[in-house]
Amino acid sequence: MSNILIKPSKQIKYLRADVLRSNVPRLVNDAHYSYVSTKKFDNPTIIHLNDRLAKEIGFTSKEIASIEFKKLLVGKSESGIESFAMNYGGHQFGHWAGQLGDGRAINIGERSSANHTWQLQLKGAGPTPYSRKGDGYAVLRSSIREHLCSEAMYYLGIPTTRSLSLALTGESVYRDMFYNGNAAYEKGAVVCRVAQSFIRFGNFQIHAANGEIDLLKELTDYTITNHFKGIDKNSTDKYLSFFKAVATRTLEMIMNWQRVGFVHGVMNTDNLSIIGDTIDYGPYGWLDNYDTGWTPNTTDNQHKRYRYGAQPEIGLWNLWQLANALFELVDDSKALEGVLDQYKEDYGTSHIKMMSNKLGLIQKHERDESIINQILTLLEAHETDMTIFYRELINVNHSTPVDQGYTTISKAFYDHDAMSKTVKTQWIDWLSTYINRLKNQKDVAVERIEIMSKNNPKYVLRNYMAQMVIEKAELGDYSLLQEIFDMIQDPYTDRKVMDHWYAKRPDWARDKPGVSQLSCSS
């Protein structure tokens, strides 16, 4: 037995298991999950360990140094705990796809710390009954991206799954990166993901779609009891209260994405966490230049369903689908619609608050909404780096001359010389209005800087950075992986040692595969 204090997940005890034990891809009925064994790779190697997270979730220094801990992270644990994969369905790009399930993510147990219970899950550790045409494995490039982005989001203050470790499996995986017939062998890898729950919208949808109402009720009761403590589990309207809480958490998560310029890239219903965590880091990206129509997902290039500007709307659409599933329990369509209407109303309020914080407009004024609308239009009038613009704007205050303010923010402009005179005039006019607005709150100038500094990160995980890490790691060099990992752990603080990463996207990265062009292939 293992010396590592992991326990079987509560899901095993309280939810319903698949009666079959076969890992062969198949339809799974009347089950919340299926027991699955992880692949025992012959020669796995841990190439990066998140020591800070290991300690946060309760592992001691002695445990972290043990052989069994290392085995745990690559699927070779001798704990005796049964691992499993969850059953879920979902809408993909707006269309019901039926059973999807966790095709390569295997839950290996849980760990309790002082305040929380954490689920541990290996992504890329082998096939499950839900693998469909997939092999259940993952490649190094996508695993690096997930490992880095999980932690980048956490330190940006955005609810997210976490990443405990990144390991090479020692085996090769055959992938067609862009689904264009150019398949090749890549290094296989495994990420150990950590979250309080990996349950998704799709877990509820599959049981509703299959008419498995008893399983739907069991799953919802389990989720409320374990992850929504503020809801009275004996209340007659607990399912409606649950839906309200999910809608609130979902909107909060997405507004945080909008705040920092994060684009998920594949907001299918099976990729939305029921507890409001960002989950499934596939073809994600950060805005370099502010562009509401940008999506990093090449699969979505034609219709741009999951573009940056549409994310709040897609969150609402996904909640509609969840409402359809929960209707079997709530049985009150008007009440469910009322929650969705509230989401729309809350979005308007949340957006104004988010933008006010980014612009440092902390004392309400009648002209604020106009200032916000003008800047969002102006940011797209000429290619402007979103992160750098907002960060440099912190240095503009109520006494800054307009021409000096323009010089300050011009660091964010791509190809400044190509800016038209009309757009430059619009920028100067906006700055004049903005600076005059700041004069109305000059008594809180220090507070304004503090708020803007907390809402506008200096360092974000731009796609070109992740690609540079990948290219070095594929050659066996993990030094840049560690450097970027260090950078993302303190994104709001000015650090001279990291200032070379505070820069606009380089020209070579504009159209480079793996940077501006990504797919779901992993």
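By convention here, the first residue in the shown sequence is residue 1.
A donor-acceptor contact shorter than 3.5 Å links the side chain of Lys187 to the backbone of Glu474. Side chain of His91 to backbone of Asn318: no donor-acceptor contact under 3.5 angstrom is found. A donor-acceptor contact shorter than 3.5 Å links the side chain of Asp135 to the backbone of Tyr137. Of the possible donor and acceptor atoms, one in the side chain of Ser66 sits under 3.5 Å from a partner among the backbone N and O of Glu63. Judged purely by atom type and a 3.5 angstrom limit, Asn87 uses its side chain to pair as donor or acceptor with the backbone of Ala31. Put simply, the side chain of Lys76 gets close to the backbone of Phe41: a donor and an acceptor are under 3.5 Å apart. Under the 3.5 Å distance criterion, the side-chain polar atoms of Asn271 are matched with a main-chain donor or acceptor of Val266. A donor-acceptor contact shorter than 3.5 Å links the side chain of Ser131 to the backbone of Thr128. Between the side chain of Ser273 and the main chain of Thr278, no donor-acceptor pair closer than 3.5 Å is present.
In this structure Ser241 satisfies the side-chain contact (heavy atoms from CB on, under 4.5 Å) test together with Ile231, Asp237, sequence neighbours excluded. With sequence neighbours excluded, no residue forms a ring pair (Phe, Tyr, Trp, His ring centres under 6.0 Å) with Tyr478. By the side-chain contact (heavy atoms from CB on, under 4.5 Å) test, Arg249 is found to be paired with Phe228, Ile275, residues two or more places apart in sequence or in another chain being considered.
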**Q.** From CA spacing to verdict: side chain to side chain contact (heavy atoms under 4.5 Å, CB included), Tyr459, Ile484
**A.** CA-CA 10 Å; Tyr459 312 104; Ile484 296 297; over 6 Å; no
(Q) Between Phe485 and Gln489, does the side chain to side chain contact (heavy atoms under 4.5 Å, CB included) criterion hold? Intermediate values first, please. (A) CA-CA 7 Å; Phe485 197 79; Gln489 288 184 316; 3.4 Å; yes
**Q.** His207 and Glu218: CA distance, side-chain angles, deciding distance, side chain to side chain contact (heavy atoms under 4.5 Å, CB included) verdict
**A.** CA-CA 10 Å; His207 300 307; Glu218 290 168 8; over 6 Å; no
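Of the listed residues (Tyr239, Phe242, Phe243), just one forms a ring-ring contact (aromatic ring centres under 6.0 Å, His included) with Phe204, and that residue is Phe242. Each of Glu110, Lys10, Gln196 was scored for a side-chain hydrogen bond (donor to acceptor under 3.5 Å, both in side chains) with Gln119, with one residue passing: Glu110. Looking at Arg305, Lys304, Gln311 one by one, the single match for side chain to side chain contact (heavy atoms under 4.5 Å, CB included) with Arg307 turns out to be Lys304. With Phe84 as reference, Tyr33 is the one residue of Tyr35, Tyr130, Tyr33 to meet the ring-ring contact (aromatic ring centres under 6.0 Å, His included) rule.
Here the closest heavy-atom approach between residue Ile57 and residue Arg111 is recorded as O-CG, 3.0 Å. Shortest non-hydrogen contact noted between Ala138 and Val173 is O-CG2, 3.9 Å. Counting all heavy atoms, side chain and backbone alike, Ser165 lies closest to Leu49 at CB-CD1, 4.2 Å. Nearest heavy-atom pair across Ser143 and Leu166 is CB-CD1, 3.6 Å. Heavy atoms only, all atoms of each residue included: Lys39 and Gly126 are closest at CB-CA, 4.3 Å. Across every non-hydrogen atom of Gly285 and Pro296, the tightest pair is N-CG, 3.7 Å.
Taking 4.5 Å as the limit, every side-chain heavy atom of Phe198 sits out of range of all side-chain heavy atoms of Asp102. Between Ile470 and Leu140 there is no side-chain heavy-atom pair separated by less than 4.5 Å. Gln92 places a side-chain heavy atom less than 4.5 Å from the side chain of Asp270. Looking at Val36 and Pro129, their side chains come closer than 4.5 Å, going by heavy atoms from C-beta outward. Contact annotation: the side chain of Val246 approaches that of Ile274 to within less than 4.5 Å [non-hydrogen atoms, C-beta and beyond]. Looking only at side-chain heavy atoms (C-beta outward), His351 and Tyr347 come within less than 4.5 Å of each other.
Salt bridge absent: Glu483 and Lys472 never bring a charged side-chain N and a carboxylate O closer than 4.0 Å. At a threshold of 4.0 Å, the pair Lys71-Glu78 counts as salt-bridged, since one of the basic side-chain nitrogens sits closer than that to a carboxylate oxygen. Note on Asp214 versus Lys217: no salt bridge recorded, every NZ/NE/NH1/NH2 to OD/OE distance being 4.0 Å or above. For Glu212 and Arg16, the salt-bridge test fails: no basic side-chain N is under 4.0 Å from an acidic carboxylate O. Ion pairing between Asp221 and Lys238 holds under the 4.0 Å rule for side-chain N and carboxylate O.
Heavy-atom contacts from other residues, nucleotides or ligands closer than 6.0 Å to NZ of Lys233 number 12 or fewer.
Taking OG from Ser77 and CD1 from Ile108, the interatomic distance works out to 7.0 Å, rounded to the nearest 0.5 Å. The distance from the CE atom of Met354 to the CE atom of Met255 is 3.5 Å, given to the nearest 0.5 Å. Rounded to the nearest 0.5 angstrom, Leu461 CG and Ile488 CD1 are separated by 6.0 Å. How far CD of Gln467 is from CD1 of Ile144: 9.0 Å, rounded to the nearest 0.5 Å.
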Give the table of side-chain donor-acceptor pairs shorter than 3.5 Å for residues 323-332, with sequence neighbours excluded, one pair per line with atom names and distance.
residue : atom : partner : partner atom : Å
Asn324  : ND2  : Trp320  : O            : 3.4
Asp332  : OD1  : Lys334  : N            : 3.3
Asp332  : OD1  : Ala335  : N            : 3.1

In a table with atom names and distances, give each donor-acceptor pair under 3.5 Å that connects a side chain of residues 145-159 to protein atoms at least two apart or in another chain.
residue : atom : partner : partner atom : Å
Arg145  : NH1  : Asn463  : OD1          : 3.3
Arg145  : NH2  : Gly282  : O            : 3.4
Arg145  : NH2  : Tyr284  : O            : 2.8
Glu146  : OE1  : Lys123  : NZ           : 2.9
Glu146  : OE2  : Arg193  : NH1          : 2.9
His147  : ND1  : Ser163  : OG           : 2.6
His147  : NE2  : His48   : ND1          : 2.9
Ser150  : OG   : Glu146  : O            : 2.7
Glu151  : OE1  : Asn50   : ND2          : 3.0
Glu151  : OE1  : Arg162  : NE           : 3.2
Glu151  : OE1  : Arg162  : NH2          : 2.7
Glu151  : OE2  : Arg162  : NE           : 2.9
Glu151  : OE2  : Ser163  : N            : 3.0
Tyr155  : OH   : Arg52   : NH1          : 3.2

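Asp291 and Tyr308 form no side-chain donor-acceptor contact under 3.5 Å, judged by distance and modelled atom types alone. Side-chain contact of Tyr281 with Thr160: a donor-acceptor pair under 3.5 Å is present, judged by distance alone. Side-chain contact of Trp286 with Thr387: a donor-acceptor pair under 3.5 Å is absent, judged by distance alone. Side-chain contact, Asn297 with Thr295: no donor N or O sits under 3.5 Å from an acceptor N or O.
Sequence neighbours left out, the pairs with a member in residues 259-269 that pass side-chain hydrogen bond (donor to acceptor under 3.5 Å, both in side chains) are Gln205-Thr269, Asn256-Arg259, Arg259-Tyr492, Asn268-Tyr306.
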